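These numbers were taken from a predicted model, which means no experiment stands behind them.
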Amino acid sequence: MRPIIVLFVSMLCLPAMAQRDFKLTEQRNVWLASGNAAALTTFGDSTISQATLSYRHDGGKLHTMSEGKREDAYSADVRSYYRLSADVVAYGSATYNRRYMSGAAGSMLMPTLRLMPFDLVEDTYSNAGDKSMETFGIDGAVGWNVWRNLAVGAHIDYTAGTYAKQRDLRHSNTLMDMHTGVDAFLSLPHNSGVGIGMVYSRRTESMQFKTYGTTDQIYYTLIDYANSHGERETFGTEGFTDSKNKLPLLSEHIGVSAQAKLNRVFADIAYTHLKGYYGRKSQYSASHEQHHGDNLALHLRYDMTQRAERLVWIDLRMTTERLTSERENYRRTTASNGTSAIYYEYFEPTKMADKAQTYGSAALNAYWKPSGNIYLWHITGGTYYWTRRQTAYVYPDIYTASRHIIAPFVSARRSLATRGGSLWSAEAGGTATMGSYRQAAAHAAITYEMPVRGTSIRPSISLRYNFRQATDGYNKGQTRNTLSITAAATF
């Protein structure tokens, strides 16, 4: 609580700058959400920045093995759009997140929504313990209008992190996740334009496994190819959970993107091809797995109304991923030339899994009743969807499973401005998840935003409560409660 108070009070000493809604500034200009750095030149407002600091507590019986019985999370971030000159616009952000989970087991990999080639899983609670995860990210982009309506740009997004379990079998992970790209943008008449880009990303998660406790206990890890099928490995000095070496899981993506806007219609498409491996690619060390795949992402926007008194638009998003993973087959050999050198002879790999998933959303956003640069009403509604089909090849058997969910949602926010310039906002909403998993969720939040005398800065503080309950399956009736508090300022 003390860091939140310090940040909130420090906002009173910041210099005067323009007052606006940071989130709405990003949303209403669809080019800012496209990832095309050259299109930053479409940013028509003056410099705008936002800083936030938040704390979140989760508790309840409804949780995965990886989430644990209780979770506490802290986060801080600052982000800004800055016009350096009439032709150059820059964007920058820095984020920090830290999570503590108690009574956790499950996956030993850092959580992600993307398809992974395999998973390393503690599939019982017999050795559950406390886990901690920490990430720090820096994101920067610049767009430069080089000639008439032509702009070029570049961006880089770098994240570093750690993930560790404090009970045997212990794992200590380090993450390096980098995304880069170069882009071009051509502005056309009638609120139109086109953009193209090339993207490259590299993600490396290195894992170290060890024990500090008694050595007579045997620890098992499930090498989950897909659908909780694979092979069970005994912890030792070889294999996926090698105690002697720090093993990297590496994936590289390279691809292209294209965007186009014609008056009120916008389209953004991106394709990437990925390849990677787990282990060390060397004749003198073991590589355990290799994988390859393709990703396709699509975003469509239709601006129904873009007027000062009302904003209404519809977003359609879809991402499709396909991934194939293969188990490396090798033989460990000792050199016959009189030395003790050990090298590995590799043979044809064996397919482990084929995976495919598609997810996205269809959403409508509506803002109306403006008060200065703030809208007093905001309603959003739509549906999320997700489907996944995976096949695990565990000789001589093949296991195929499909999962899908559809989750309609709605949320509304009402703000009231006071005579002194302060702003009270109340928000409420709900989600119903249907399909392979069934849950009901609801949230409520209240925010107080106030001006700083003599400036245009608006610090705010908000309290939010989320509730989830499973409505079928073995965990029917189990609930999860989340409470978060956030201090922020837009300037």
Rounded to the nearest 0.5 Å, what separation is found between the [atom1] atom of [X] and the [atom2] atom of [Y]?
| X | Y | atom1 | atom2 | result |
| --- | --- | --- | --- | --- |
| His57 | Tyr100 | NE2 | OH | 15.0 Å |
| Glu252 | Leu274 | CD | CG | 10.0 Å |
| Lys23 | Thr490 | NZ | OG1 | 12.0 Å |
| Thr162 | Glu205 | OG1 | CD | 10.5 Å |
| Ser93 | Asp77 | OG | CG | 7.5 Å |
| Asp354 | Thr324 | CG | OG1 | 4.0 Å |

Inset, instruction - Look at Arg322 together with Asp294 and state whether they make a salt bridge at an N to O cut-off of under 4.0 Å. - result: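 Looking at Arg322 and Asp294, the cut-off is not met.
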For [X] and [Y], test the side chains for any donor-to-acceptor distance below 3.5 angstrom and give the result as yes or no.
| X | Y | value |
| --- | --- | --- |
| Asn29 | Thr42 | yes |
| Arg203 | Ser251 | no |
| Tyr271 | Asn295 | no |

Heavy-atom side-chain proximity of [X] to [Y] below 4.5 angstrom:
| X | Y | result |
| --- | --- | --- |
| Leu250 | Tyr278 | no |
| Phe185 | Val194 | no |
| Leu247 | Leu249 | no |
| Leu24 | Tyr367 | yes |
| Lys275 | His291 | no |
| Arg56 | Thr482 | yes |
| Leu84 | Val89 | no |
| Leu323 | Ser325 | no |

[X] atom [atom1], neighbour heavy-atom count above 12 within 6.0 Å:
| X | atom1 | value |
| --- | --- | --- |
| Tyr82 | OH | no |
| Arg464 | CZ | yes |
| Met198 | CE | no |

Please check this pair: side chain of [X] against backbone of [Y], looking for a donor-acceptor N/O pair closer than 3.5 Å.
| X | Y | value |
| --- | --- | --- |
| Arg310 | Thr305 | no |
| Thr25 | Asp21 | yes |
| Ser192 | His190 | yes |
| Lys369 | Ser371 | no |
| Thr180 | Tyr200 | yes |
| Arg83 | Phe43 | yes |
| Ser172 | Ala164 | no |

Name each donor-acceptor pair under 3.5 Å that joins a side chain in residues 406-415 to protein atoms two or more places apart or in another chain, with its distance.
unit_1: Ser411; atom_1: OG; unit_2: Glu427; atom_2: OE2; d: 3.2
unit_1: Ser411; atom_1: OG; unit_2: His443; atom_2: NE2; d: 3.4
unit_1: Ser415; atom_1: OG; unit_2: Ser425; atom_2: OG; d: 2.7

Inset, instruction - Decide if the gap between the ring center of His288 and the ring center of Tyr277 is smaller than 6.0 angstrom. - result: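 That pair fails the under 6.0 Å test.
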Inset, instruction - For this output row, return yes or no: ring centroids of Tyr302 and Phe266 closer than 6.0 angstrom. - result: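 Aromatic pair excluded; centres sit 6.0 Å or further apart.
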Legend entry - Result of checking Met133, Glu134, Met207 against Tyr163 for side chain to side chain contact (heavy atoms under 4.5 Å, CB included):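 The passing option is Met133.
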If every non-hydrogen atom of [X] is compared with every non-hydrogen atom of [Y], which pair is closest and at what distance?
| X | Y | answer |
| --- | --- | --- |
| His299 | Arg317 | CE1-NH2, 3.5 Å |
| Pro451 | Arg458 | CB-NH1, 4.0 Å |
| Lys355 | Pro117 | NZ-O, 3.4 Å |
| Trp31 | Gly193 | CZ2-O, 3.7 Å |
| Asn97 | Ser75 | OD1-CB, 3.0 Å |
| Tyr384 | Ser361 | CD2-CB, 3.7 Å |

Inset, instruction - Determine, stepwise, if the pair His179 / Val199 fulfils side chain to side chain contact (heavy atoms under 4.5 Å, CB included). - result: CA-CA 7 Å; His179 302 260; Val199 294; over 6 Å; no
Inset, instruction - Could you list the residues that satisfy salt bridge (Lys or Arg N to Asp or Glu O under 4.0 Å) with Lys246, not counting sequence neighbours? - result: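 Once residues adjacent in sequence are excluded, Lys246 has no partner under the salt bridge (Lys or Arg N to Asp or Glu O under 4.0 Å) criterion.
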Inset, instruction - Report the residues that fulfil salt bridge (Lys or Arg N to Asp or Glu O under 4.0 Å) with Arg403, sequence neighbours left out, ordered by chain and then residue number. - result: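 Partners of Arg403 under the salt bridge (Lys or Arg N to Asp or Glu O under 4.0 Å) test: none.
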Inset, instruction - Applying side chain to side chain contact (heavy atoms under 4.5 Å, CB included), run through Gln390 and Leu115 and close with a yes or a no. - result: CA-CA 10 Å; Gln390 299 187 128; Leu115 284 178; 4.2 Å; yes
Can you give each donor-acceptor pair under 3.5 Å made by side-chain atoms of residues 103-112, sequence neighbours left out, with the distance rounded to 0.1 Å?
unit_1: Ser107; atom_1: OG; unit_2: Leu109; atom_2: N; d: 3.1
unit_1: Ser107; atom_1: OG; unit_2: Asp119; atom_2: OD1; d: 2.8
unit_1: Ser107; atom_1: OG; unit_2: Asp119; atom_2: OD2; d: 3.2
unit_1: Thr112; atom_1: OG1; unit_2: Arg114; atom_2: N; d: 3.2

Inset, instruction - For the pair Trp368 and Trp377, name the ring-plane relationship: parallel under 30°, tilted 30 to 60°, perpendicular over 60°. - result: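 Parallel.
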Inset, instruction - Give the ring-plane orientation class for Phe22 versus Tyr81, where under 30° counts as parallel, over 60° as perpendicular and anything between as tilted. - result: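 Ring orientation, 0 to 90° scale: tilted.
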Legend entry - side-chain contact (heavy atoms from CB on, under 4.5 Å) against Arg480, all qualifying residues, sequence neighbours excluded: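 Per chain and number, Arg480 pairs via side-chain contact (heavy atoms from CB on, under 4.5 Å) with Asp58, Leu62, His63, Glu67, Glu71, Arg468.
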Inset, instruction - Decide yes or no on side chain to side chain contact (heavy atoms under 4.5 Å, CB included) for Thr418 and Leu416, but give the supporting numbers first. - result: CA-CA 7 Å; Thr418 67; Leu416 296 173; over 6 Å; no
Just distance, no hydrogens or angles: give the donor-acceptor pairs under 3.5 Å from side chains in residues 136-161, sequence neighbours left out.
unit_1: Asn145; atom_1: ND2; unit_2: Arg148; atom_2: O; d: 3.3
unit_1: His155; atom_1: ND1; unit_2: Asp183; atom_2: OD2; d: 3.4

Inset, instruction - Start with the C-alpha gap between Ser462 and Tyr448, add the side-chain angles, then the distance that decides, and say whether side chain to side chain donor-acceptor pair (under 3.5 Å) holds. - result: CA-CA 6 Å; Ser462 63; Tyr448 175 66; over 6 Å; no
Inset, instruction - Take Met304 and Trp313 through the test side chain to side chain contact (heavy atoms under 4.5 Å, CB included) and record every step on the way to the result. - result: CA-CA 5 Å; Met304 300 176 66; Trp313 66 80; 5.8 Å; no
Inset, instruction - Step by step, work out the side chain to side chain donor-acceptor pair (under 3.5 Å) result for Gln259 and Asn36. - result: CA-CA 8 Å; Gln259 306 83 27; Asn36 186 313; 2.7 Å; yes
